[in-house]
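See structure below.
None of these values were measured; they are calculated from a predicted model.
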Amino acid sequence: MKILVCITHVPDTTSKIAFTDGDTKFDTTGVQYIIGPYDDYALARAVELKEQTEGSITVLNVGTAETEPTIRKALAIGADDAIRVNAEPTDSLFVAQQIANAVKKEGFDLILMGRESLDFNGGMVHGMVGELLGIPSVSPVMTLDMDGFTAKMTRETEGGKESIELDLPFVAGCQEPIAEWKIPNMRGIMSARSKPLNVIEPTGNDQGATLEKYELPAAKGAVKMVSADNVQELVDLLKNEAKIL
Amino acid sequence: MTKKAIKGGEFLIRETEAHEVFTPEEFTEEQKMIAQTCRDFLDTEVYPHLDEIDSMKNPDIMPNLMDKAGELGLLGTSVPEEFGGFGMDFNTTMLVSEVIGGGHSFAVALSAHTGIGTLPILYYGNEEQKQKYVPKLASGEYKAAYCLTEPDSGSDANSGKTKAVLSGDGKHYLVTGQKMWITNGGFADIFIVFAKIEDDKNLTAFIIEKSFGGITMNEEEKKMGIKGSSTRQIFFNDCKVPVENMLSDRQNGFKIAVNILNVGRIKLGVAAIGASKMIANKSTEYANERKQFGTPIANFGAIKHKLANIAVKTFASESGHYRASQNIDDAYNAFVAEGINPGEARLKSLYEFSIECAILKVHGSEVLDYCADEGVQIYGGMGFSAEGPMDRAYRDARINRIFEGTNEINRMLCIDMLLKRAMKGELDLMGPAMAVQQELMSIPDFGADDDSTLFAKEKKVLRNLKKAGLMVSGAAVQKYMDKLSTEQEVLMNLADMLIEGYIAESTLLRVEKMVTAKGEDACAIEIDMMKIYMNEATEKCVLAAKEAIYAISEGDTQRMMLMGLKRFTKTEPFNLKDARRRVADHMIKENKYPF
């Protein structure tokens with residue numbers, strides 16, 4: 001089974017978010033980058049599946065050269081080789097097209113990625129890739145087991161869970177607890193340097209969206225504590241101060 | 001030695017250039033990934049369980065953690081690949097020690113196992129011993145402990161009373177004795193034990209397996225800190241050790257103990273820096289969160305002062321550690337290139353820089369204690385509460401000034417080793433010391449400073465600090481001659497000057513290298529940190545030098561030396577308050593120790 005895991009290169013979840021150039025650019029000063037946490041789970045599941053069945057794992061990232069340390073980390077975790085599409089991941093459609101092109105060229109049985117990236121949280125790429133390739137896409141997938149060429153999955157739905165059986169090939173947007181999160185070990189880190197990382201140029205330039213401006217959410221206000229036995233005060237505050245009643 | 005040929009201790013008399021030092025900014029992506037693996041391990045396996053680890057209620061928790069660390073390869077970083085490890089260079093293993101150093105009791109268990117537990121066999125074992133034990137130590141299947149200290153033999157390690165008696169059939173040594181403060185004692189499978197055979201003057205080392213029998217131990221020691229680290233008193237009672245388990249030659253044990261401690265010292269120092277960074281991170285976060293008088297306490301100058309000092313000392317000490325560890329790697333590579341076998345080359349390279357190892361052990365552990373103390377203060381009431389993180393950080397920090405040779409022993413060692421090398425002709429201290437004497441007699445140079453090159457003024461301050469050190473050391477040697485070793489107070493003063501000189505120079509060279517790579521604007525905060533540290537180092541040297549001068553001289557000689565000291569420690573005014581504010585503001589903005 002040939003597995004493709006698509007990974008994003010996103011700011012560490014503890015990063016301080018700020019913007020520059022009149023709020024049109026993300027301020028990267030002092031920001032550490034990581035594999036998108038949901039993508040990390042997808043990769044971890046791919047490694048587990050590879051341990052159970054014969055196969056190979058390729059990771060793909062759409063990004064400029066600065067994403068290579070992140071890609072190397074994915075190789076250290078257990079991917080066999082990597083593709084970097086040499087372009088800024090400007091929007092979901094563009095990224096989905098690059099992934100679909102790679103799949104058409106290389107032929108993968110299973111395409112895994114996170115349910116969404118952790119920078120723009122679009123959550124659209126898996127659906128678009130499925131559409132562009134004419135194969136099913138499922139998200140958010142919480143469990144995924146293979147039985148030959150058939151996958152058994154559970155998907156989170158509004159207020160419940162859905163069990164799905166699906167034949168390869170398909171696309172899955174993953175989330176925890178699909179796999180145990182993996183820390184790269186020393187052997188993996190040392191072998192990552194010699195694994196192939198192929199850089200390819202992007203094809204097409206369809207932009208589904210253009211960016212106008214970034215904005216931070218409003219700062220949280222102070223919290224006022226009201227004693228549990230003082231309902232009247234709470235009602236007064238909600239009515240007169242918060243003005244939401 | 002070929003490349004660079006920098007000798008241990010030579011920094012005192014040699015002007016090192018920035019391009020000759022390694023700085024933490026130069027770590028490769030791979031090394032950064034290794035550091036991140038260590039951080040991830042602490043975050044997922046250690047930090048969520050700190051209370052459980054320290055409670056010692058579950059005796060399996062630490063060995064299980066060691067097993068998990070072994071699965072990740074963290075126990076075999078310095079072990080060559082042929083023995084199941086990863087054969088990483090010394091600098092990389094230092095980085096692992098640094099990050100794991102923030103892991104409280106777990107850090108102690110790991111470092112005892114990988115350092116004093118594993119290295120004696122790796123460096124001194126014969127091929128059979130290495131093949132038999134090292135792969136299992138590198139994987140974590142065997143856990144190791146190091147048994148040197150005895151109830152009446154601590155700093156005076158060679159005075160141990162444990163005996164090894166050859167059995168009648170000549171096949172075994174029967175080891176009998178009592179060992180104290182044995183880290184990992186409770187769960188170790190392998191003990192490196194030092195004992196005396198017959199009336200030998202020096203110790204002999206043995207590899208003892210728990211399964212040999214004749215081993216009993218007391219309950220876990222109750223300690224001030226590192227409570228989760230197994231610390232036992234161990235009794236060997238006619239423990240039957242096969243003769244082939246003697247490590248190295250008879251009476252070579254003390255040498256093993258001393259040489260292994262060199263690596264233990266620098267690694268302890270860098271682990272302390274890891275713990276200091278953790279404190280710096282947490283203190284910054286807390287100062288940003290905690291509000292008093294309607295504003296985060298991070299906005300108060302007194303708190304900024306503390307945050308900046310924590311960062312400056314940590315940054316400075318870190319500069320010294322990685323400078324020395326690269327020197328050790330370079331020396332190792334040069335020895336290997338000369339045809340010396342890797343184990344011996346490792347030992348020789350560590351021995352070469354044993355003065356620096358002692359300096360860094362003292363400095364790292366004292367920086368950590370400073371940071372822990374100020375961390376508690378920044379946390380205020382929550383710092384004193386056992387519910388907050390500073391309680392554990394404060395208690396755990398304290399041992400570092402005691403083990404791997406107390407800081408007092410290490411201070412004396414620095415000077416002792418330096419003087420011995422001078423006497424052997426390995427270091428020319430006499431020439432530079434005489435030149436300083438000459439300078440004292442001559443008219444001071446009132447000419448304008450040449451400040452056309454980067455940090456010319458700071459470099460002059462540093463050159464002068466070294467002169468002050470040579471002046472006082474030279475006078476102390478002349479006064480006491482071979483009795484100097486009994487004047488411990490003066491030795492402490494001399495050591496303080498040596499330590500501060502080394503760390504100040506390392507910081508200056510690191511920042512100079514950073515500026516060369518990125519420009520002054522991009523390194524403005526680091527330049528501030530360097531200047532703050534230079535000022536601190538100078539003040540400490542003045543204090544230490546005065547104490548020594550008062551003790552060793554009088555009359556005209558004393559007056560001349562005090563004038564010389566004044567000349568050699570002259571600095572230009574620098575607004576420390578504003579500089580500290582800039583450093584702290586950067587930390588506050590980033591909400592962490594960002595260097």
Side-chain angles (χ1 to χ4, degrees), chain A residues 9 11-18 20 27-35 37 40-41 43-44 47 51 65-79 82 84 176-177 179-195 197 219-225, chain B residues 27-46 68-79 81 84-89 92-93 95-96 99 114 138-140 281-282 284-285 288-289 291 294-295 518 522 525 586-595:
Chain A
H9 165 82
D12 186 2
T13 49
T14 57
S15 304
K16 226 170 162 146
I17 305 298
T20 58
D27 183 0
T28 57
T29 319
V31 171
Q32 302 275 337
Y33 284 87
I34 56 170
I35 301 175
D40 226 351
Y41 280 109
L43 176 61
V47 173
E51 282 166 8
E66 66 186 26
T67 72
E68 289 199 359
T70 305
I71 300 173
R72 286 276 171 219
K73 184 169 180 188
L75 291 169
I77 289 171
R84 180 171 69 80
E176 76 276 19
E180 198 174 325
W181 188 66
K182 289 189 169 39
I183 302 173
N185 60 33
M186 295 296 142
R187 199 164 297 287
I189 293 170
M190 291 183 77
S191 64
R193 73 174 90 137
S194 55
K195 289 180 177 175
L197 195 170
K220 270 191 203 160
V223 174
K224 208 170 250 180
M225 302 298 284
Chain B
F27 279 126
T28 63
E29 284 305 330
E30 187 171 287
Q31 288 171 315
K32 286 179 193 166
M33 210 190 295
I34 289 167
Q36 190 57 46
T37 280
C38 297
R39 270 181 223 113
D40 289 343
F41 183 78
L42 293 183
D43 284 341
T44 53
E45 302 289 348
V46 178
K68 286 181 181 171
E71 282 166 24
L72 279 180
L74 301 180
L75 306 183
T77 51
S78 57
V79 172
E81 290 181 71
F86 300 97
M88 291 172 183
D89 60 16
T92 312
T93 66
L95 184 59
V96 170
V99 180
T114 57
S139 70
N281 281 324
K282 286 196 186 301
T284 312
E285 285 168 20
N288 272 333
E289 269 169 34
K291 285 184 181 167
T295 184
K518 295 197 285 187
I525 302 292
H586 185 56
M587 298 169 79
I588 290 161
K589 179 170 163 271
E590 297 292 327
N591 200 26
K592 62 182 177 187
Y593 172 86
F595 307 106

Q) Do Lys73(A) and Gln36(B) come within less than 4.5 Å of each other through their side chains, counting heavy atoms only? A)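 A side-chain contact exists here, since the closest heavy-atom pair is under 4.5 Å.
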Can you tell me how far the [atom1] atom of [X] sits from the [atom2] atom of [Y], to the nearest 0.5 Å?
{"X": "Lys589(B)", "Y": "Thr29(A)", "atom1": "NZ", "atom2": "OG1", "value": "6.5 Å"}
{"X": "Asp40(B)", "Y": "Trp181(A)", "atom1": "CG", "atom2": "CH2", "value": "3.5 Å"}
{"X": "Ile183(A)", "Y": "Thr44(B)", "atom1": "CD1", "atom2": "OG1", "value": "3.5 Å"}

Q) For chain B, which residues from residues 185-192 of chain A lie under 4.5 Å away (heavy-atom distances)? A)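 Residues in range: Asn185(A), Met186(A), Arg187(A), Ile189(A), Met190(A).
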Q.
Holding to side-chain contact (heavy atoms from CB on, under 4.5 Å), I want the full list of residues that pass it with Val96(B), two or more places apart in sequence or in another chain.
A.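 So Val96(B) forms a side-chain contact (heavy atoms from CB on, under 4.5 Å) with Ile34(B), Cys38(B), Thr77(B), Ile100(B).
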(Q) Test of understanding: with side-chain hydrogen bond (donor to acceptor under 3.5 Å, both in side chains), list the residues that count as partners of Thr20(A), not counting sequence neighbours. (A)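 side-chain hydrogen bond (donor to acceptor under 3.5 Å, both in side chains) check on Thr20(A) returns nothing, list empty.
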Q: Please list, chain by chain and in numerical order, all residues satisfying side-chain hydrogen bond (donor to acceptor under 3.5 Å, both in side chains) with Thr67(A), sequence neighbours excluded.
A: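 Partners of Thr67(A) by the side-chain hydrogen bond (donor to acceptor under 3.5 Å, both in side chains) criterion, ordered by chain and then number, come out as Asn61(A).
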Q) Minimum heavy-atom separation for Lys592(B) to Gly30(A), with atom names? A)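 Reported closest heavy-atom pair: NZ-O, 3.8 Å.
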Q: State, to 0.1 Å, how close Ala76(A) and Met33(B) come at their nearest heavy-atom pair, and which atoms those are.
A: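 That closest heavy-atom pairing would be CB-SD, 3.6 Å.
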Q | Most contacts with chain A, counted as non-hydrogen pairs under 4.5 angstrom, among Glu71(B), Met88(B), Lys32(B) | A |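 Of Glu71(B), Met88(B), Lys32(B), Met88(B) has the most heavy-atom pairs under 4.5 Å with chain A.
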Q. Would you call Glu29(B) and Arg72(A) a salt bridge, using N to O less than 4.0 angstrom?
A.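 Salt bridge: no.
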(Q) Can you confirm whether more than 12 heavy atoms, excluding those of Lys195(A), are under 6.0 Å from its NZ atom? (A)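 More than 12 within 6.0 Å, yes.
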**Q.** Heavy-atom proximity to chain B below 4.5 Å, by part of Lys16(A)
**A.**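 Interface part for Lys16(A): side chain.
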